[in-house]
Amino acid sequence: MDRILEKPAEKKQDLFSIAELADEFSISTRTIRFYESKGLIIPDRVGTTRVFRRRDRTRLLLILRGKRLGFSLSEISDYLELYDADNTQATQTQHLLERVNSRLSMLRAQKEDLEIAVKELEAMQEYALQQLEKQTS
DNA sequence: TTTCTCACA
DNA sequence: TGTGAGTA
């Protein structure tokens, strides 16, 4: 009756094996262990076997999203800390706010850089198309 | 199946 | 930033 797994309101569907998560996210179990070795996720253990909870699953989702966006694992690690912040004290919340603001500034600056790069490339594309038209007519 | 470690790209 | 192989 799944006694081992039961905290009161915790159901089996909230627990995942490494193979299940690897399968769900189309990554290898080695990759998940690698992220654990970097401290990005901290699954529980039953004996030596890893048991992943909803929280780990969410973190994995955020890690993969961060990677898609081109962030390094250490940047992603910093980012995940924001989700973990202990906000029981006003000073902690203030600290979180400062870090979120700083992160937002960075991302907005990067976004601006990207928009400039996109415009430059679009201009080059336009120029190349015009040249091509001249050269082929 | 899962774990860990070392070597390797 | 991962993967492969050998191991228990």
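Protein chains get the first letters and strands the later ones, always in sequence-line order, with residue 1 at the start of each. Below, each value reflects all heavy atoms present in this structure, side chains not excepted, and no hydrogens, waters or symmetry copies. Just so it is clear, the model here is predicted, and its values are computed rather than measured.
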Within the structure, does a side-chain N or O atom of [X] lie under 4.0 Å from either OP1 or OP2 of [N]?
{"X": "A:S17", "N": "B:dT1", "value": "no"}
{"X": "A:Y35", "N": "C:dG2", "value": "yes"}
{"X": "A:T49", "N": "B:dT1", "value": "no"}
{"X": "A:K67", "N": "C:dG2", "value": "yes"}

How many Å lie between [atom1] on [X] and [atom2] on [N], as a whole number?
{"X": "A:R45", "N": "B:dC4", "atom1": "CZ", "atom2": "P", "answer": "4 Å"}
{"X": "A:L21", "N": "B:dT2", "atom1": "CG", "atom2": "P", "answer": "11 Å"}
{"X": "A:I76", "N": "C:dT1", "atom1": "CD1", "atom2": "P", "answer": "8 Å"}
{"X": "A:F71", "N": "C:dG2", "atom1": "CZ", "atom2": "C1'", "answer": "20 Å"}
{"X": "A:D44", "N": "B:dT2", "atom1": "CG", "atom2": "P", "answer": "17 Å"}
{"X": "A:I32", "N": "B:dT2", "atom1": "CD1", "atom2": "P", "answer": "10 Å"}
{"X": "A:L60", "N": "C:dG2", "atom1": "CG", "atom2": "P", "answer": "11 Å"}
{"X": "A:D23", "N": "B:dT1", "atom1": "CG", "atom2": "P", "answer": "12 Å"}

If you group Ile, Leu, Val, Met, Phe, Trp and Tyr by side-chain heavy-atom gaps below 4.5 Å, do A:I42 and A:L21 land in one group?
-> no
Could you run down the sub-3.5 Å N/O contacts of the protein with nucleotides 5-8 of chain B?
none

If we only count heavy atoms from C-beta on, is the [X] to [Y] side-chain gap below 4.5 Å?
{"X": "A:I32", "Y": "A:I27", "result": "yes"}
{"X": "A:F71", "Y": "A:R65", "result": "no"}
{"X": "A:R53", "Y": "A:L15", "result": "yes"}
{"X": "A:L40", "Y": "A:S77", "result": "yes"}

Taking the side chain of A:A19 as heavy atoms from C-beta outward, which of B:dT2, B:dC4, C:dT3 is closest to it?
-> B:dT2
For A:R50, report the nucleic acid contact type (base, sugar-phosphate, nothing); a contact means any heavy atom under 4.0 Å.
-> sugar-phosphate
Heavy atoms under 4.0 Å, any strand shown: does A:S72 hit a base, just sugar-phosphate, or nothing?
-> sugar-phosphate
Just distance, no hydrogens or angles: give the donor-acceptor pairs under 3.5 Å from side chains in residues 100-124 of chain A, sequence neighbours left out.
| from | atom 1 | to | atom 2 | distance (Å) |
| --- | --- | --- | --- | --- |
| A:N101 | ND2 | A:L97 | O | 3.3 |
| A:S105 | OG | A:N101 | O | 2.9 |

Evaluation steps, side chain to side chain contact (heavy atoms under 4.5 Å, CB included), between A:L60 and A:Y35 | CA-CA 9 Å; A:L60 201 47; A:Y35 292 157; 3.8 Å; yes
Going through the distances and angles, do A:F34 and A:L73 end up as a side chain to side chain contact (heavy atoms under 4.5 Å, CB included)?
-> CA-CA 11 Å; A:F34 178 68; A:L73 291 186; 3.6 Å; yes
Around atom OH of A:Y79, are there more than 12 heavy atoms of other residues, nucleotides or ligands at under 6.0 Å?
-> no
Exceeds 12 heavy-atom contacts within 6.0 angstrom, atom CD of A:E133 = no
Listing for DNA chain B: consecutive Watson-Crick or G-U pair runs of at least 3, distance cutoff 3.5 Å, ranges ordered by first number, gives B:4-9 with C:1-6
